[in-house]
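Here is the structure we will look at.
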Amino acid sequence: MTLPPSEQSADKPVAAAIGLLARQGFDATSVEELAEVSGMSRSTFFRRFGSKEDVVFADHERILRQVNDRLAESRLEPLAAVADAALLVFEHHLRNRETSLARYELLQAVPALRDRELVTSHRYERAFLQYLNDKLPQDGPGGYKAVAFAAAVVAVHNAFLRQWLRAPGAGETGDGDRKRAPALAAELRALAETFRPALLGGAATAQPAPTVVVTVLPGQAGREAIAQAVLDALP
């Protein structure tokens, strides 16, 4: 999927800054250097991003707005809409693999950034939960299960993301990359089906009832006679 020109332009300064931080080291890189590589003045950098920590997650500000827009415009049922919005985030990482890999390296090296990542993940979780609370029946059976579903969607998304980032050749486009989004979509659908009865009411998908066959045979009937009698009695 190709980003619109406006989104490509928005991502370029962030990608350049994150790439420099990963190559040069977070503490060893000055704001002036980040501003220069991002193609802006120091004052403009501060106005736009605020700090070195902020620029590492700056693209997520835009993606979070897109998530909220996607949810607001969705015509899918609530659980499917949340899964669809989570896929939007994952596809952003796939499209921007170099930036995602550089950020992952930074997170492993800088504990404060890992703490910031938790805050960012929680913001997605909160967006999903707010949407569910708005869409699900207030007198329904869900209760705190909506909290659990929102958290589970984020957890599954992050597990898939980490698996991709740790995989050999994650920085190269290939068949494996193209299969990851559909695989995540399948997992999120399965997750939604697990939560659906608790959130929307009704029984889980019913399994076919076992077929019961009753037949009466004379004593000492052989196996072939029994088998034939059962076949004859089947509906």
Side-chain angles (χ1 to χ4, degrees), residues 1-68 85-127 151 153-174 176-178 180-181 184:
M1 182 184 300
T2 302
L3 284 171
S6 60
E7 294 188 16
Q8 291 176 350
S9 299
D11 281 339
K12 283 182 179 179
V14 176
I18 293 175
L20 180 62
L21 287 168
R23 291 192 304 273
Q24 193 164 285
F26 186 82
D27 293 330
T29 305
S30 68
V31 173
E32 287 76 10
E33 290 173 312
L34 291 173
E36 181 178 358
V37 77
S38 301
M40 58 187 70
S41 68
R42 188 176 188 274
S43 59
T44 301
F45 181 90
F46 272 117
R47 284 198 304 271
R48 182 165 178 178
F49 300 120
S51 69
K52 289 198 292 185
E53 291 84 357
D54 291 332
V55 76
V56 174
F57 299 95
D59 53 341
H60 280 281
E61 296 296 329
R62 178 173 56 78
I63 300 305
L64 188 60
R65 289 194 296 271
Q66 290 184 352
V67 162
N68 284 315
L87 281 173
L88 183 153
V89 182
F90 189 71
E91 288 167 354
H92 166 76
H93 286 287
L94 289 177
R95 289 194 302 265
N96 298 275
R97 57 180 46 80
E98 290 184 5
T99 301
S100 295
L101 285 165
R103 177 164 39 221
Y104 182 68
E105 292 176 13
L106 281 171
L107 293 176
Q108 305 315 299
V110 185
L113 293 180
R114 293 200 294 274
D115 293 340
R116 180 64 176 270
E117 182 192 29
L118 293 175
V119 174
T120 301
S121 292
H122 180 68
R123 293 179 68 191
Y124 286 107
E125 184 179 325
R126 187 171 57 189
V153 168
V154 171
V156 170
H157 168 277
N158 289 348
F160 260 74
L161 179 61
R162 286 191 295 269
Q163 183 185 56
W164 170 62
L165 292 170
R166 294 168 180 168
E172 302 174 1
T173 304
D177 273 10
R178 286 189 286 271
R180 289 185 187 274
L184 174 57

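Listed here is the closest heavy atom pair of V55 and A17: CG2-CB, 3.8 Å. Contact detail for F57 and L113: the closest heavy-atom pair is CZ-O, 3.5 Å. Taking both residues in full, the closest heavy atoms of S38 and P13 are given as OG-O, 3.4 Å, listed atom of the first, atom of the second, then distance. Heavy-atom minimum distance, A58 versus V14: CB-CG2, 3.8 Å. Pairing each heavy atom of L94 with each of A181, the nearest pair is CD1-CB, 4.1 Å.
Residue pairs meeting the salt bridge (charged side-chain N to carboxylate O under 4.0 Å, His left out) criterion with at least one member in residues 14-38, sequence neighbours excluded, are E32-R42. Each salt bridge (charged side-chain N to carboxylate O under 4.0 Å, His left out) pair with one or both residues in residues 107-123, not counting sequence neighbours, appears once here: D54-R116, E61-R123.
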For this session: Dump the intermediate steps for side-chain contact (heavy atoms from CB on, under 4.5 Å) on Y104 and L161, then the final yes or no.
Result: CA-CA 10 Å; Y104 182 68; L161 179 61; over 6 Å; no

For this session: I would like to know whether V56 and L21 meet side-chain contact (heavy atoms from CB on, under 4.5 Å); could you show each step before the answer?
Result: CA-CA 9 Å; V56 174; L21 287 168; 3.8 Å; yes

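At a cut-off of 3.5 Å, with distance as the only test, no side-chain donor of R97 or S100 sits close to an acceptor on the other residue.
Here the CZ-OG1 distance, from F49 to T44, works out to 10.0 Å after rounding to the nearest 0.5 Å. Rounded to the nearest 0.5 Å, atoms CZ (R47) and OG (S41) are 6.0 Å apart. Interatomic distance, F46 CZ to L34 CG, rounded to the nearest 0.5 Å: 9.5 Å. L88 CG to I63 CD1: the interatomic distance, rounded to the nearest 0.5 Å, is 6.0 Å. Note that the CG atom of L106 and the OG1 atom of T29 stand 8.5 Å from one another [nearest 0.5 Å].
For the side chain to side chain contact (heavy atoms under 4.5 Å, CB included) test, residues two or more places apart in sequence or in another chain that qualify with A127 are L64, N68. Under the rule for a ring-ring contact (aromatic ring centres under 6.0 Å, His included), the partners of H60 that lie at least two apart in sequence or sit in another chain are H93, Y124. Evaluation of the ring-ring contact (aromatic ring centres under 6.0 Å, His included) rule for F160 yields no partner, not counting sequence neighbours. Judged as a side chain to side chain donor-acceptor pair (under 3.5 Å), and not counting sequence neighbours, the contacts of S121 are N158.
For the pair R65/R62, a side-chain contact is recorded, criterion being any heavy-atom separation below 4.5 Å from C-beta on.
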